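Please read these numbers as outputs of a predicted model, since none were measured by experiment. Per chain, numbering begins at 1; letters A, B, ... match sequence-line order.
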2 protein chains.
Amino acid sequence: MATSPSSHSADGAGTADAQAQATPAFSPLYQQIKGLILQSLQAGEWKPGEVIPSEMDLAARFRVSQGTVRKAIDELAAENLVVRRQGKGTFVATHAEQHVRYRFLKLVPDSGDRDSEGPAGREVLECRRLRASADVARALALRTGDPVVQVRRVLTFGGVPTILEDLWLPGNAFKGLSADQMAAYQGPTYAMFELEFGVRMVRAEEKIRSVAADAAQAALLAVAEGSPLLSVERLSYTYSDVPMELRRGLYRTDTHHYRNELS
Amino acid sequence: MATSPSSHSADGAGTADAQAQATPAFSPLYQQIKGLILQSLQAGEWKPGEVIPSEMDLAARFRVSQGTVRKAIDELAAENLVVRRQGKGTFVATHAEQHVRYRFLKLVPDSGDRDSEGPAGREVLECRRLRASADVARALALRTGDPVVQVRRVLTFGGVPTILEDLWLPGNAFKGLSADQMAAYQGPTYAMFELEFGVRMVRAEEKIRSVAADAAQAALLAVAEGSPLLSVERLSYTYSDVPMELRRGLYRTDTHHYRNELS
DNA sequence: AAGTGGTCTAGACCACAAC
DNA sequence: TTGTGGTCTAGACCACTTG
């Protein structure tokens, strides 16, 4: 190993560490290794979809046993930052995988079969650069007035307009994002963010409410004014808990529902 | 170890196993151990809140190394079936813990602080035994007409009626459940189910929709008829994926929201 | 001091994939 | 055949809790 507070011996190598503070915030070796791997992921040393070095290589690099690297990677895999494939290696997770096509979208057709309705239709209504309002700035950890990109679009499933949503993105990280780009890219928007802007969304939080559609919303979703809609506010984070996208969606739930698993 | 398909050696004990089928559905030793522990949990050998034997004891009992038992327990802990406490032991998880008071309830006040509003008020409107309708029977894996218990109640937070919900429970497992019992018990209803009926809910699935309040619902929740409400249908399972409760809730989301974390 | 879970190591072997 | 992740073991030591 190298730095950080710790105390492990058994190896005879890190035994001479400083051990400065009284409560040096003990963190196990594998957590420190996890942190180092995380740094490399964040720095883009390995890009989404690529393999990372084998456990043996990483063990040699960090001067720890394979088991310790293994435990670090186990946690990264549990957080969906990395995907293990036996016999092949460990890969940086990406939103561009064919399997779970929309990892953050919990709206599913009542039939339960998301494949049956074919690919989602996308219509971008708006894509413009503007200055962050107070609430958008707070959510994205910016200052009021900082540049942001706002996108408004409608998603259509099986021919039915089902989702109306607004996205707000930090202007600096998403320079040059255009309506064409939003509309053209096949596959998840988050996959495009990875490819075009090097921004990978790692986790998100959602606040869900029931609301009544106003006239404009009703028109865009082809429902009656006052119809109940699901309001889903999503804040997505990159590495290190940096918020990178605020999304406010209105979901029709007459033929779809929001599915959640508790444990 | 004892039975099951596998092939592990390194121990010299299980080497003489049958190895009957062509593809004997290989499952690693720790998975088999996990299954055995699961059986003991299900059989009630250790009750919610109690300690289970130490890793060393279990290792001796199953004739495997501590590390193998450890990995089995790791998975059980990840599934919230069991809770580890360093220096004390491993405990059977329970809904009666003071910490996370309502493990399955994702509705939180907009302030974010669930403690600030004090304990939930409960009013049981109905508690009766009846015969399962077709849809209730299907959800609970019963036959139409089988006995079920239905409970209707209103939950109040900070003086405001916020949740109106119906519960359906298999009549056989919940013989003798009364309105008094539902109303009297302090703490989570699921904790009462553990204590009084030996039924422990392990996981659940929810389907969420936005709906408009009808006249009766509006009156009970003190909102205007037609107000948007969150419809939350929850199916809860005990061990071995046996469904044991269907719950249909209507949530007011004017001062609360449904909070979800994605990863 | 004794017991429990938590960490770390080292080495062996298995299952899977690719060359 | 080689290299990857996956499993299993055995033993040492650390951190936390309790008597």
*Asks:* Asp241(B): which residues meet the side chain to side chain donor-acceptor pair (under 3.5 Å) condition with it, sequence neighbours left out?
*Replies:*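 If we apply the side chain to side chain donor-acceptor pair (under 3.5 Å) test to Asp241(B), skipping adjacent residues, the hits are Arg203(B).
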*Asks:* With sequence neighbours left out, what residues match Lys207(A) under side chain to side chain donor-acceptor pair (under 3.5 Å)?
*Replies:*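 None.
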*Asks:* For the pair made of CD in Gln66(B) and P in dC13(D), what is the distance, rounded to whole Å?
*Replies:*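 Those two atoms, CD and P, are 15 Å apart.
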*Asks:* Taking the side chain as C-beta and beyond, is there a heavy-atom pair between Ile73(A) and Leu58(A) under 4.5 Å?
*Replies:*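 Yes - at least one pair of side-chain heavy atoms lies under 4.5 Å apart.
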*Asks:* Measure CG/Leu29(B) against C1'/dT9(D) and give the value in whole Å, please.
*Replies:*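 It works out to 11 Å between those atoms.
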*Asks:* Could you tell me whether the phosphate oxygens of dG5(C), OP1 or OP2, come under 4.0 Å of any side-chain nitrogen or oxygen in Thr90(B)?
*Replies:*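 For Thr90(B), the contact criterion (side-chain N or O under 4.0 Å from OP1 or OP2 of dG5(C)) is met.
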*Asks:* For Phe62(A) and dC8(C), give me the distance from atom CZ to atom P, rounded to whole Å.
*Replies:*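 That distance rounds to 14 Å.
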*Asks:* Find the distance Phe91(B):CZ to dT17(D):C1' and express it as a whole number of Å.
*Replies:*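 Those two atoms, CZ and C1', are 10 Å apart.
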*Asks:* Check the distance between dA15(C)'s P and Gln31(B)'s CD and give it to me in whole angstrom.
*Replies:*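 Distance check: Gln31(B) CD to dA15(C) P gives 15 Å.
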*Asks:* Go through residues 71-87 of chain B and report each residue with a non-hydrogen atom lying under 4.0 Å from DNA chain D, sorted by number.
*Replies:*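 Heavy-atom cutoff 4.0 Å gives Lys71(B), Gln86(B), Gly87(B).
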*Asks:* Quick one: on DNA chain C, does Lys88(B) or Gly67(A) contact a more 5' nucleotide (nearest heavy atom)?
*Replies:*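 Its nearest nucleotide being more 5', the pick is Lys88(B).
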*Asks:* Can you pull out every salt bridge (charged side-chain N to carboxylate O under 4.0 Å, His left out) where at least one residue sits in residues 27-53 of chain A? Sequence neighbours excluded, please.
*Replies:*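 Sorted result for residues 27-53 of chain A: Lys34(A)-Glu75(A), Lys34(A)-Glu79(A), Glu45(A)-Arg61(A).
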*Asks:* Taking only heavy atoms on the protein side, list every residue of residues 37-59 of chain A lying under 4.0 Å from any atom of DNA chain C, sorted numerically.
*Replies:*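 Listed by number, there are none.
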*Asks:* Run the side chain to side chain donor-acceptor pair (under 3.5 Å) test against Arg103(B) and tell me which residues pass, sequence neighbours left out.
*Replies:*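 So Arg103(B) forms no side chain to side chain donor-acceptor pair (under 3.5 Å) with any residue.
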*Asks:* Does a side-chain N or O from Arg70(B) land closer than 4.0 Å to OP1 or OP2 of dG5(C), or not?
*Replies:*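 For Arg70(B), the contact criterion (side-chain N or O under 4.0 Å from OP1 or OP2 of dG5(C)) is not met.
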*Asks:* Please enumerate all residues that pass side chain to side chain donor-acceptor pair (under 3.5 Å) together with Thr189(A), with sequence neighbours excluded.
*Replies:*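 Side chain to side chain donor-acceptor pair (under 3.5 Å) list for Thr189(A), sorted by chain: Arg153(A).
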*Asks:* Only counting residues at least two apart or in another chain, list the ones meeting ring-ring contact (aromatic ring centres under 6.0 Å, His included) with Phe91(A).
*Replies:*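 With neighbours one apart ignored, the set is empty.
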*Asks:* Could you verify whether a donor N or O on one side chain and an acceptor N or O on the other, from Tyr185(A) and Glu196(A), lie under 3.5 Å apart?
*Replies:*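 No, because no side-chain N or O of Tyr185(A) sits under 3.5 Å from a partner of the opposite role on Glu196(A).
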*Asks:* With the side chain of Ser65(A) defined as its heavy atoms from C-beta on, choose the nearest nucleotide among dG5(C), dA10(C), dC8(D).
*Replies:*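 For Ser65(A), the side-chain atoms sit closest to dA10(C).
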*Asks:* Who pairs with Asp115(A) by salt bridge (Lys or Arg N to Asp or Glu O under 4.0 Å), at least two apart in sequence or on another chain?
*Replies:*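 Only Arg101(A) meet the salt bridge (Lys or Arg N to Asp or Glu O under 4.0 Å) criterion with Asp115(A).
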